[in-house]
Structure formats: C-alpha cells, structure tokens
Amino acid sequence: AQWVTFWQSVQGYSETEGLKAIRCPRLAFAGADGDTTAGEQKINNATLLRTHQATLENLGWDVNLIEGHGHEVGLKPEVTVPMVRKFLDRITL
C-alpha cells in the first residue's frame, strides 16, 4: 500500500523539470556494475545513470560511474569519501 501511495503521488511529476530546478552543486554516482535486484524488481541505477549521463552533465551535475564496483559502492568509504571530498573541494561559496 505504501508504494501505491508513493507512485500515485508522483504521477505527472516531471523529473527533468525537477532536475533543472536544482541550483546547488550536484553529484550523482554509482558503481559502474551497480544494477541489482530487490526480490524480483530490477534496480538499474548504473544503467540509468550511464544512459542519462550527458543530460545530467549538461544540467551541471557531476556524474561518476565507479569502475569495478557494484550497487554496494556507497558502503565503501575508502572509495566514496575521496570522490565526494574532491567534489566538495571544488565548490566555492
């Protein structure tokens, strides 16, 4: 029931317009081999990020597909912290 409620609430939402509206520095990353499943549901994080990488970058996003890593890359601080630190160090306020 919670998922029905969630998906009903976002019907008609333009993700592209939402992405354009974000003006702060933006970073998106995933393991390059990051597609996975949850039960029988496919979760195509890496494929979606790869497919839309140019569009996101044109909107000002930094996009990183981390080679040699899968869906679990967010649980590896030795990989993600240096990448996020580099991103944050480039930001001037």
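Note: T36 OG1 to Q41 CD = 11.0 Å, rounded to the nearest 0.5 Å. Atom-to-atom distance recorded for R23:CZ and L59:CG is 8.5 Å, nearest 0.5 angstrom. Taken from CG in N64 to CG in L27, the straight-line distance is 6.0 Å, to the nearest 0.5 Å.
Looking only at distances, no side-chain donor or acceptor of T47 sits under 3.5 Å from a matching main-chain atom of N44. The closest donor-acceptor contact from the side chain of R85 to the backbone of T80 lies at 3.5 Å or more, if one exists at all. One N or O on the side chain of E72 and one on the backbone of G70 form a donor-acceptor pair closer than 3.5 Å. One N or O on the side chain of R50 and one on the backbone of A32 form a donor-acceptor pair closer than 3.5 Å.
Using a 4.5 Å cut-off between side-chain heavy atoms of Ile, Leu, Val, Met, Phe, Trp and Tyr, with links allowed through other members, I66 and F87 fall into the same hydrophobic cluster. At a threshold of 4.5 Å between side-chain heavy atoms, the hydrophobic network of Ile, Leu, Val, Met, Phe, Trp and Tyr places V4 and V10 in two separate groups. No continuous path of hydrophobic side-chain contacts links V81 to L88 [ILVMFWY only; heavy atoms under 4.5 Å].
Heavy atoms of other residues, nucleotides or ligands lying less than 6.0 angstrom from CD of E40 number 12 at most. Heavy-atom contacts from other residues, nucleotides or ligands closer than 6.0 Å to NZ of K76 number more than 12.
For the pair L48 and H52, the minimum side-chain heavy-atom distance is below 4.5 Å. Side chains of F29 and L65 form no contact here, defined as non-hydrogen atoms less than 4.5 Å apart. In this structure, P77 and V79 have side chains that are not in contact, with every pair of non-hydrogen atoms separated by 4.5 Å or more.
In this structure, a donor-acceptor pair under 3.5 Å is absent between the side chains of D33 and H69.
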Side chain to side chain contact (heavy atoms under 4.5 Å, CB included), that's the test. Do W61 and L19 meet it? Break it down for me.
CA-CA 9 Å; W61 289 70; L19 291 171; 3.5 Å; yes

Decide side chain to side chain contact (heavy atoms under 4.5 Å, CB included) for K42 and D35; before the verdict, give the C-alpha distance in whole Å, the side-chain angles of both, and the deciding distance to 0.1 Å.
CA-CA 8 Å; K42 292 177 79 174; D35 291 350; over 6 Å; no

For side chain to side chain contact (heavy atoms under 4.5 Å, CB included), just list the numbers for L49 and Q53, CA-CA rounded to whole Å, side-chain angles, deciding distance to a tenth of an Å, and then say yes or no.
CA-CA 6 Å; L49 197 53; Q53 183 170 355; 5.8 Å; no

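Heavy atoms only, all atoms of each residue included: V73 and G31 are closest at CG1-N, 3.4 Å.
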